[in-house]
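The following block contains the structure, expressed as structure tokens.
Numbered from 1 within each chain, the chains take letters A, B, ... in sequence-line order.
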There are 2 protein chains.
Amino acid sequence: MVTLAEVAQHAGVSASTVSYVLSGKRSISVTTRLRVEQSIRELGYHPNAGARALASNKSNIIALMIPLRTDMYVPVMMEIAIAVATTARTHGYDVLLLTGEEGPDAVRRVTGSGLADAMILMDVELDDERLPLLRGTDQPSVLIGLPADTSELTCVDLDFKATGALCVEHLAMLGHRDIAVIGEAPAVYERHTGFAERTLDGLRSRAQELGVRLLHRPCEGGYDAMALTLARILDERPGTTGFVVQNESAVEPLLALLRGQGRAVPEDVSVVAICPEQVAVQASVRLTSVAIPAQEMGRHAVDHLVAKLDGRGKDEVVLIAPELTVRSSTGPAPSAAS
Amino acid sequence: MVTLAEVAQHAGVSASTVSYVLSGKRSISVTTRLRVEQSIRELGYHPNAGARALASNKSNIIALMIPLRTDMYVPVMMEIAIAVATTARTHGYDVLLLTGEEGPDAVRRVTGSGLADAMILMDVELDDERLPLLRGTDQPSVLIGLPADTSELTCVDLDFKATGALCVEHLAMLGHRDIAVIGEAPAVYERHTGFAERTLDGLRSRAQELGVRLLHRPCEGGYDAMALTLARILDERPGTTGFVVQNESAVEPLLALLRGQGRAVPEDVSVVAICPEQVAVQASVRLTSVAIPAQEMGRHAVDHLVAKLDGRGKDEVVLIAPELTVRSSTGPAPSAAS
DNA sequence: ATAGGTTGTCGAAGCGCTTCGACAACACTT
DNA sequence: AAGTGTTGTCGAAGCGCTTCGACAACCTAT
């Protein structure tokens, strides 16, 4: 293993000079710098991470806590994780992967040991137990998701309330008067994951403003669960012509079921999905959808975190504005007159 | 920040004693140990990761390189990553997340800097450029996937050749004589990702042994691509009654298309999928499938890696035996006589 | 020519931990 | 009673790096 001292000797300078060449924290003459860089290359030197962390009191590592459960949005989580990792690298940081399993203890461990300089938390619940810890430390952090109380916290998320509103608006504008919402699995609501409730909030308040009737039903993924849910919905509100789906794994089953019942999409019923772009495009009907901007969220989170680490950047809540893309799953409501 | 020295002072012992209490590398009297542990708890001490890494020359971190692309098996990757992270924790290791983006440089960087003690590589290509680096270092590593040359390497993977064979066997036994294989996206084959080719190998050789005709077609995910592929297949081999699908995102489109053409599953055609359990269960028809044991692979990989780090464990290739679960998507071939 | 600035380099201290050798203190043997 | 182990604890060195203060060497401006 090559050390700083060996590089210094090889280049005929002192260790501190090499260090300053590396960090750029003091001016170094061009000739010296070139000579040192040459030696570094020749010897294949890599600074030792541990020594660096010890001496400088920073690890250049960002911790990312991902949810352990896989009952929702797996591709989204994955995409966020990848975006976080690649963005972090562009800032010179590596990413430590923590699962939610350890819960608050993980926060304590990472903060206490100096393993990471900062953390990003995903799958934040409305009243998350990790939050007090984050507030109580000077370690910067960013949440992906929105808890109930965002004071002293930096959060990045899609504006799910606006998303809900947007979906209702679109359907209402097309003349739909009875809208059903296929929600996430019941467990997601019970856990008080903010995004599900915020979406619902947006859906409901907009529906009321526009005088549209709304029916919300949680739904496990899969064909069977969807069949049951759909039957119940059509039983209660036979006139339902608009659907908003917020559960990836219910999308395709819903389409199949509607097809099976002879209800044409978009002629008889319209479907709006809240899902990743890819799902919307690959479905058996190209879906009108509000995309979940996973990459953007991951990138934003890291950029904010790095800003904080650099002393720039303040606590704030960033809500990404939703965008609805019209594809082939929505159309005018079948005329009420007919 | 609380240091070892402070704990030592608080407990009235020397720093080295505290260290030995922590590591258990020398015997310590019960009374002393209890006193030290008490102090640790009272002061809320956490060992500094950097200092530890520097002094002991190990970081207690395992690097995990995940593919950047998301053109296949995203949930599988995610599940593996989570399994790796949680299993690593049970051994006292943390996981550093690297994306394939940096390629071989990432291996150099991590190895050179002592950031991680060992690495796990996913998405290994048959002739992966990272392999020479791994062979040339004494840093332990485990591959998830199988390259062409496995000498001096430890690999964990599903036995995809046996998987292919198993699928053909099952269909052949049910009387199917014309089988079509819906493969991964063409890019996956061009990249020479081992598992796709090994599956194909297993499918083909077993088909030949059993005197069954086999047609293989790569297929991008999604409805449109599947429609095209299916049309071509049925054009070439109208008598096809058995399908093997190795592309998650083609499963549901295939089922929908078959339904649309009035081909009943499993009465007219049988479908076997190679996919995660969840996909098989949630599909619109409960699918006969060979599960991809993501968790098991992740767990295995870590266990082997830790064994290597402990000086136990040798280079070896572990192929997990496939298991075919019969569900409702396969049945006897429509009698050739009819 | 001399005081006052810059600029580029060096030496040394120290980050918090592990680990080695040393050595009391005590228990056994013979 | 002396020798021989064991057991539990300590002091000190050192891991590879960053960073601070010091200080030559060179520039100006007077």
Side-chain angles (χ1 to χ4, degrees), chain A residues 1-37 39-40 43-61 92 94 109-117 309, chain B residues 1-37 39-40 43-61 92 94 109-117 309:
Chain A
M1 187 202 190
V2 190
T3 69
L4 226 206
E6 295 177 272
V7 174
Q9 191 172 13
H10 186 270
V13 297
S14 76
S16 46
T17 300
V18 177
S19 178
Y20 287 124
V21 168
L22 251 30
S23 69
K25 291 191 180 173
R26 283 201 184 174
S27 57
I28 296 285
S29 70
V30 182
T31 55
T32 309
R33 189 183 36 255
L34 290 177
R35 198 144 36 85
V36 170
E37 283 168 352
S39 297
I40 288 178
L43 300 180
Y45 168 71
H46 283 273
N48 179 300
R52 217 169 216 195
L54 177 57
S56 65
N57 203 24
K58 54 189 307 273
S59 61
N60 284 303
I61 289 181
D94 272 297
R109 194 167 59 84
V110 169
T111 307
S113 67
L115 231 187
D117 296 330
L309 285 166
Chain B
M1 188 202 188
V2 189
T3 70
L4 227 207
E6 296 178 90
V7 173
Q9 191 173 11
H10 185 271
V13 297
S14 76
S16 47
T17 301
V18 177
S19 179
Y20 286 125
V21 167
L22 251 29
S23 68
K25 291 191 179 171
R26 284 203 182 171
S27 57
I28 295 286
S29 69
V30 183
T31 55
T32 309
R33 190 184 35 255
L34 290 178
R35 198 142 37 85
V36 170
E37 284 168 351
S39 296
I40 289 178
L43 301 180
Y45 168 72
H46 284 272
N48 178 299
R52 218 170 215 194
L54 177 56
S56 66
N57 203 24
K58 55 189 309 271
S59 61
N60 284 304
I61 289 180
D94 272 297
R109 194 167 59 84
V110 169
T111 307
S113 67
L115 231 189
D117 297 330
L309 285 166

### Query
Can you tell me if S16(A) and S19(A) form a side-chain donor-acceptor pair at under 3.5 Å?
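Looking only at side-chain atoms, S19(A) and S16(A) do not form any donor-acceptor pair under 3.5 Å.
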
#### Entry: Over 12 foreign heavy atoms within 6.0 Å of CD, Q9(A)
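For Q9(A), atom CD is not crowded (no more than 12 foreign heavy atoms under 6.0 Å).
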
#### Entry: Contacts of type side-chain hydrogen bond (donor to acceptor under 3.5 Å, both in side chains), residue D94(B), not counting sequence neighbours
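Scan of D94(B) (side-chain hydrogen bond (donor to acceptor under 3.5 Å, both in side chains), adjacent residues dropped) gives R109(A).
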
### Message
I need the H46(B) NE2 to I40(B) CD1 distance, nearest 0.5 Å.
### Response
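Reported to 0.5 Å precision, the distance equals 10.5 Å.
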
### Query
Under the side-chain hydrogen bond (donor to acceptor under 3.5 Å, both in side chains) test, which residues partner S113(A), sequence neighbours left out?
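Not a single residue meets the side-chain hydrogen bond (donor to acceptor under 3.5 Å, both in side chains) criterion with S113(A).
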
### Query
Which residues satisfy the salt bridge (charged side-chain N to carboxylate O under 4.0 Å, His left out) test with R35(A), sequence neighbours excluded?
none

### Task
Give, ordered by number, those residues of residues 24-34 of chain B having at least one heavy-atom distance below 4.0 Å to an atom of DNA chain D; if nothing qualifies, reply none.
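Correct list: R26(B), S27(B), I28(B), S29(B), T32(B).
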
### Task
Evaluate the side-chain proximity of R52(A) to L22(A): yes if any heavy-atom separation is below 4.5 Å, no if none is.
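They are in contact (side-chain heavy atoms under 4.5 Å apart), so the answer is yes.
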
### Message
Rounded to whole Å, please give me the gap between CG in N57(B) and P in dT18(C).
### Response
13 Å

### Query
Can you find an N or O donor on one side and an acceptor on the other, under 3.5 Å apart, linking the side chain of S16(A) with the base of dG11(C)?
yes

### Task
Indicate yes or no for a side-chain donor-acceptor contact from D117(A) to the backbone of S59(A) under 3.5 Å, with no hydrogens or angles considered.
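At least one qualifying donor-acceptor pair exists.
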
### Query
Just wondering, more than 12 heavy atoms not from E37(B) lying within 6.0 Å of its CD?
yes

What does the list of N/O pairs under 3.5 Å between the protein and nucleotides 15-17 of chain D look like, with a distance for each?
| unit_1 | atom_1 | unit_2 | atom_2 | d |
| --- | --- | --- | --- | --- |
| dC17(D) | OP1 | Y45(A) | OH | 2.4 |
| dC17(D) | OP1 | N48(A) | N | 3.2 |
| dC17(D) | OP2 | L4(A) | N | 2.3 |

### Message
Quick check on the helix from dA1(C)-dT30(D) to dT30(C)-dA1(D): what's the angle between its two end axes, five base pairs per end, to the nearest 10°?
### Response
40°

### Query
Does T17(B) or Y20(A) map to a spot on DNA chain D nearer the 5' end, using the closest nucleotide for each?
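With T17(B) and Y20(A) compared, the 5'-side residue is T17(B).
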
### Query
Pick one: which of V36(B), V13(B), V21(B), L34(B) meets side chain to side chain contact (heavy atoms under 4.5 Å, CB included) with I28(B)?
V21(B)

